Structure formats: structure tokens, C-alpha cells
Amino acid sequence: MRGDEPVVVNGVRATSLPRTVVDTVMLGTFESSMEIINHVLAHGLTESELRAYCAGRRMDHARIESVLTYANPLAENGGESLVYATIIRAGFAIPELQCEFENFDHPDYPLRVDFLWRTDDGRMIVLEYDGLRKYQDPTMTRHALQENITRQASRDQMLLAQHVTKIVHCFAEDVYQPEWLIAKLDQAGVPRLPQPRALPF
């Protein structure tokens, strides 16, 4: 690709950040692209900068535009971005990210939920991405395991007390087997489009 200025990172010549993002989107999946774009948008690169970079280049813009349409830099890590991309691909309603609720135990530290749906019939459905199944970690002591379970139960009760009607917990395994996550969201009653969204991936 001509006209692209390389950058030096830790003494190594590399492609520019916009070029690197575009290359990975063109070569990757929708899920991996969402992970990358959410990250760079959260750390200073803007949608307009990415679009300006693509504008003068002979390339198919459909992929990058489809990701930018749904991208949300509020996703706090790669796992949340992958969950978010799965939600979009499966045709579920777009959730709000990182919504705050009152923390009864520590009012100065509100509870933030990863994903929230407010349905037309007044329900509030929360999805929490818990990463690895920490409750099944064989290195965890029984005391630490019980603390984690108690803390999670207390948090869930505080959310339910604030009119949350359903709390879904998902794990890394649900991302790698997306049909598991889809089944959980269907069971929770998350609104879904009649057909999955058309994505150029």
C-alpha cells in the first residue's frame, strides 16, 4: 500500500495504527474486529480518523463500516467486546454498556453492569461477563471460593432490588461456544430481531 508512513515502536518499524487496524479488520472476523476497534477507540483513535484513512484508498469499506456502525469503546476488555459482537451477530437488541446502579454497601462505588437491556414492556435484563469460571478454579481455596460466591450473590441481590428483572452470567466458554450464550439470552427473554443482521464477514 503506497502513501502509508511507517512508525517506529520500541525501535521496530511498523505500519501506522490506522493501517494496522484496517489490515486486521480486512483479514479477521467480525468478532476479532470489534475487539480491536473498541480498544483503539477507547485509547484515542477516532471513527473519523479511521474513515478518513480509508476514504482515499481503493478497498472495500463494507467491513470497517459494519464494525464502526456498532462499535462501543465502553467495552472494558477483549472478552466484553467478543460478547458484544456475538450479541450483534445473533440479532439481539443492542444493549447499553457499563450502566450504573446504587451500591448499598459502598455508596461512593456504584455497581456497573456490563450489558443492560431495557425492554418495551418495562423489564431490565443484565448480562455480566465473568471471564473464566473462577468458581471452578482448582487453585482457589474453599474460603476464597465461598467469598466469591457470597460477593456475587450480594451484588445480584442489590441489582434485583433496583428493579432488574433478570441477571445472566456468561463466561469465556460461552464466547467460544456462542450457541451457549445465545441460548442464555433467549432463555432470559432478551429482545431479538426476526433475522440476524447482515454482516459482510
Side-chain angles (χ1 to χ4, degrees), residues 17 20-21 23-45 47 50 63-64 66-101 103 109-118 124-140 144-145 147-156 158-159 164 166-192 196-197 199 201:
L17 182 56
T20 303
V21 171
D23 283 350
T24 55
V25 170
M26 296 305 290
L27 294 171
T29 64
F30 178 72
E31 290 76 11
S32 65
S33 300
M34 183 65 70
E35 185 178 7
I36 290 163
I37 286 188
N38 280 350
H39 179 80
V40 297
L41 292 180
H43 290 84
L45 197 63
E47 291 186 27
L50 279 171
R63 281 187 168 218
I64 194 139
S66 70
V67 182
L68 287 175
T69 295
Y70 300 106
N72 192 325
L74 293 178
E76 291 194 326
N77 53 58
E80 287 184 16
S81 287
L82 293 176
V83 170
Y84 182 58
T86 301
I87 289 167
I88 292 166
R89 184 184 285 283
F92 289 102
I94 304 297
E96 301 172 53
L97 274 63
Q98 305 303 327
C99 292
E100 293 188 350
F101 289 84
N103 185 337
Y109 300 94
L111 304 177
R112 285 193 301 159
V113 300
D114 298 328
F115 305 95
L116 173 67
W117 288 269
R118 303 176 199 266
M124 287 199 294
I125 304 169
V126 163
L127 172 64
E128 297 276 49
Y129 174 67
D130 295 327
L132 298 174
R133 283 188 181 274
K134 54 183 176 290
Y135 305 132
Q136 296 180 4
D137 184 351
T139 66
M140 186 177 291
L145 175 62
E147 280 190 345
N148 270 343
I149 293 172
T150 301
R151 189 181 304 114
Q152 185 66 72
S154 174
R155 176 185 169 89
D156 285 357
M158 282 190 273
L159 293 173
V164 169
K166 186 73 175 179
I167 302 170
V168 180
H169 292 276
C170 71
F171 306 90
E173 296 93 322
D174 298 312
V175 177
Y176 302 133
Q177 301 286 339
E179 63 273 15
W180 297 356
L181 175 58
I182 291 168
K184 287 183 176 183
L185 297 180
D186 275 334
Q187 187 175 15
V190 175
R192 194 172 180 184
R197 294 179 177 88
L199 299 171
F201 287 84

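Numbers here simply count residues along the sequence, with the first being 1. Predicted model, so just to flag it, every value in this text is computed and none were measured.
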Checklist outcome for this item: The complete set of side chain to side chain donor-acceptor pair (under 3.5 Å) pairs with one or both residues in residues 82-91, sequence neighbours excluded, reads Glu31-Arg89
Checklist entry - Does any N or O in the side chain of Asp130 come within less than 3.5 Å of the main-chain N or O of His169, such that one atom is a donor and the other an acceptor? => result no
Checklist entry - Which residue pairs pass the side chain to side chain donor-acceptor pair (under 3.5 Å) test when at least one of the two sits in residues 70-79, sequence neighbours left out? => result Glu76-Arg112
Next on the checklist: Run Leu127 and Asp114 through side-chain contact (heavy atoms from CB on, under 4.5 Å) and show every step you take.
Outcome noted: CA-CA 6 Å; Leu127 172 64; Asp114 298 328; over 6 Å; no
Item to check | Over 12 foreign heavy atoms within 6.0 Å of CD, Gln187 | outcome: no
Item to check | Point-to-point distance, once rounded to the nearest 0.5 Å, from CG of Leu111 to CG of Leu159 | outcome: 5.5 Å
Checklist entry - Is any side-chain heavy atom of Phe115 less than 4.5 Å from a side-chain heavy atom of Val168? => result no
Next on the checklist: Going by side chain to side chain donor-acceptor pair (under 3.5 Å), name the pairs with one or both residues in residues 34-44, residues two or more places apart or in two chains.
Outcome noted: Asn38-Ser81
Item to check | side-chain contact (heavy atoms from CB on, under 4.5 Å) between Leu68 and Ile37, intermediate numbers included | outcome: CA-CA 8 Å; Leu68 287 175; Ile37 286 188; 3.9 Å; yes
Checklist entry - Looking only at heavy atoms, which two atoms of Phe201 and Ser66 are closest? And how far apart? => result CE1-OG, 3.3 Å
Item to check | From Glu80 atom CD to Cys170 atom SG, the distance as rounded to the nearest 0.5 Å | outcome: 9.0 Å
Checklist entry - About how many Å separate CG of Leu74 and SG of Cys99, when rounded to the nearest 0.5 Å? => result 9.0 Å
Item to check | Trp117 side chain reached by Ile87 side chain, heavy atoms, under 4.5 Å | outcome: yes
Item to check | Trace of the side-chain contact (heavy atoms from CB on, under 4.5 Å) decision for Leu82 with Tyr129 | outcome: CA-CA 10 Å; Leu82 293 176; Tyr129 174 67; over 6 Å; no
Checklist entry - Closest heavy-atom contact between Leu41 and Ala71? => result CD1-CB, 3.8 Å
Next on the checklist: Is there a side-chain contact between Ile182 and Arg192 in this structure, where contact means two heavy atoms from C-beta onward sitting under 4.5 Å apart?
Outcome noted: yes
Item to check | Any donor-acceptor pair under 3.5 Å from Arg197 side chain to Phe92 backbone | outcome: yes
Item to check | Qualifying residues under salt bridge (charged side-chain N to carboxylate O under 4.0 Å, His left out), relative to Asp156, sequence neighbours excluded | outcome: none
Item to check | With sequence neighbours excluded, residues passing ring pair (Phe, Tyr, Trp, His ring centres under 6.0 Å) with Phe101 | outcome: none
Item to check | Any donor-acceptor pair under 3.5 Å from Glu128 side chain to Val113 backbone | outcome: no
Checklist entry - Roughly how far, to the nearest 0.5 Å, is the CD1 atom of Ile167 from the CG atom of Leu116? => result 10.5 Å
Checklist entry - Minimum heavy-atom separation for Pro110 to Glu100, with atom names? => result CG-OE1, 3.6 Å
Next on the checklist: Holding to salt bridge (charged side-chain N to carboxylate O under 4.0 Å, His left out), I want the full list of residues that pass it with Arg118, two or more places apart in sequence or in another chain.
Outcome noted: Glu96
